[in-house]
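Remember, it's 1-based here, ligands and their atoms both numbered in the order they're listed. These values consider heavy atoms only, across backbone and side chains, with no hydrogens, waters or symmetry-generated copies.
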Amino acid sequence: MKINIAEIRRMEGSTLHYDLREQFPAVEFDGEQIVFVAPIHVQIAVTNAEKELWARGTIQSEMRVACSRCLEEFRQPLAIPYEDEWIAVGQATEEQAETALLFEKDEIEIQDRVMEQILLSLPMKTLCSADCRGLCPSCGQNLNLGQCQCREDTIDPRLAELAKWNHD
Ligand SMILES: [Zn+2]
Ligand SMILES: [Zn+2]
């Protein structure tokens, strides 16, 4: 995902708008495969703040992910902010060099920066819905689709012990 900053680099104090769309390959995150079912749409305003370029905007797409509880795949819209600082190599302070994207030429590649923001935005657990009932630990039935037969059998062993004791 390349962006040409030739014009904005020479326009001190000005802002230019960019609209980019590109299909990203699937990524592996925390052992899960994340597939982008729509192109990554990046809309940013780039401001020339003399010593640096400020990029502010949004990243939008749609992902196909697996629910952490029931393992069913589902589509999840992605809409997150994108904020970045772009500085010409040699002009960045030591501190900026650690966080900003340093560029040498008029064309810069922002795919890695965009992907970073996407991965940072992902929750630890992706759920198909907040009240997903998950899978039965005994038979593996997806409990969102209906109750299985083994409900009675899945008593906590400690409770089972207690039940036996009560019968004695
Ligand atoms: Zn689920
Ligand atoms: Zn079951």
Side-chain angles (χ1 to χ4, degrees), residues 1-4 15-47 53-86 96 98-103 107-168:
M1 179 170 267
K2 293 197 172 89
I3 185 159
N4 194 308
T15 297
L16 280 185
H17 292 265
Y18 295 83
D19 196 303
L20 305 124
R21 240 177 245 271
E22 197 175 304
Q23 191 62 52
F24 275 23
V27 282
E28 182 119 348
F29 178 70
D30 208 16
E32 297 285 343
Q33 180 90 340
I34 294 159
V35 177
F36 298 100
V37 291
I40 305 288
H41 187 194
V42 176
Q43 288 173 293
I44 39 172
V46 180
T47 301
L53 298 175
W54 291 96
R56 296 284 180 275
T58 56
I59 303 169
Q60 286 172 285
S61 185
E62 198 180 356
M63 308 174 288
R64 193 173 67 224
V65 292
C67 174
S68 311
R69 258 183 223 161
C70 70
L71 311 179
E72 283 295 316
E73 286 196 333
F74 65 101
R75 285 167 169 240
Q76 178 157 287
L78 173 80
I80 55 169
Y82 177 70
E83 286 189 14
D84 211 355
E85 198 179 353
W86 304 336
Q96 286 172 323
E98 280 177 25
T99 55
L101 183 147
L102 304 183
F103 60 84
E107 194 172 60
I108 61 176
E109 174 57 75
I110 63 166
Q111 175 157 343
D112 288 351
R113 306 290 280 187
V114 169
M115 189 60 100
E116 235 171 69
Q117 297 302 311
I118 293 173
L119 295 181
L120 280 174
S121 78
L122 296 175
M124 292 295 285
K125 285 192 184 303
T126 47
L127 294 180
C128 61
S129 80
D131 50 5
C132 170
R133 301 177 61 212
L135 303 176
C136 167
S138 315
C139 71
Q141 152 98 11
N142 181 343
L143 300 175
N144 297 311
L145 303 175
Q147 188 59 52
C148 58
Q149 300 306 312
C150 44
R151 194 174 191 176
E152 304 301 323
D153 304 324
T154 54
I155 298 171
D156 186 306
R158 286 164 299 178
L159 291 179
E161 242 347 272
L162 197 68
K164 212 170 80 186
W165 183 77
N166 277 340
H167 279 112
D168 286 345

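Side-chain atoms of Q43 and R56 form no donor-acceptor pair, as typed in the model, at a separation below 3.5 Å. There is a side-chain donor-acceptor pair under 3.5 Å between E85 and Q96.
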Donor-acceptor pairs under 3.5 angstrom involving side-chain atoms of residues 116-128: please list them, not counting sequence neighbours.
{"unit_1": "S121", "atom_1": "OG", "unit_2": "I118", "atom_2": "O", "d": "2.7"}
{"unit_1": "T126", "atom_1": "OG1", "unit_2": "A66", "atom_2": "O", "d": "2.9"}

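With waters neither drawn nor counted, the protein N/O/S atoms under 2.8 Å from the Zn ion (ligand 1) amount to 4.
Rounded to 10°, the angle formed at the Zn ion (ligand 2) by C150 SG and C148 SG is 110°. Vertex the Zn ion (ligand 2); arms to C139 SG and C136 SG; angle rounded to 10 degrees, 110°.
For the pairing with R64, the salt bridge (charged side-chain N to carboxylate O under 4.0 Å, His left out) check across E72, E32, E73 returns one residue only, E73.
Minimum heavy-atom separation, H41 to R21: CE1-NH2, 3.2 Å.
A donor-acceptor distance shorter than 3.5 angstrom exists from the side chain of E109 to the backbone of M1, with no hydrogens or angles considered. Panel note: side chain Y18, backbone A55; no donor-acceptor pair is recorded below 3.5 Å.
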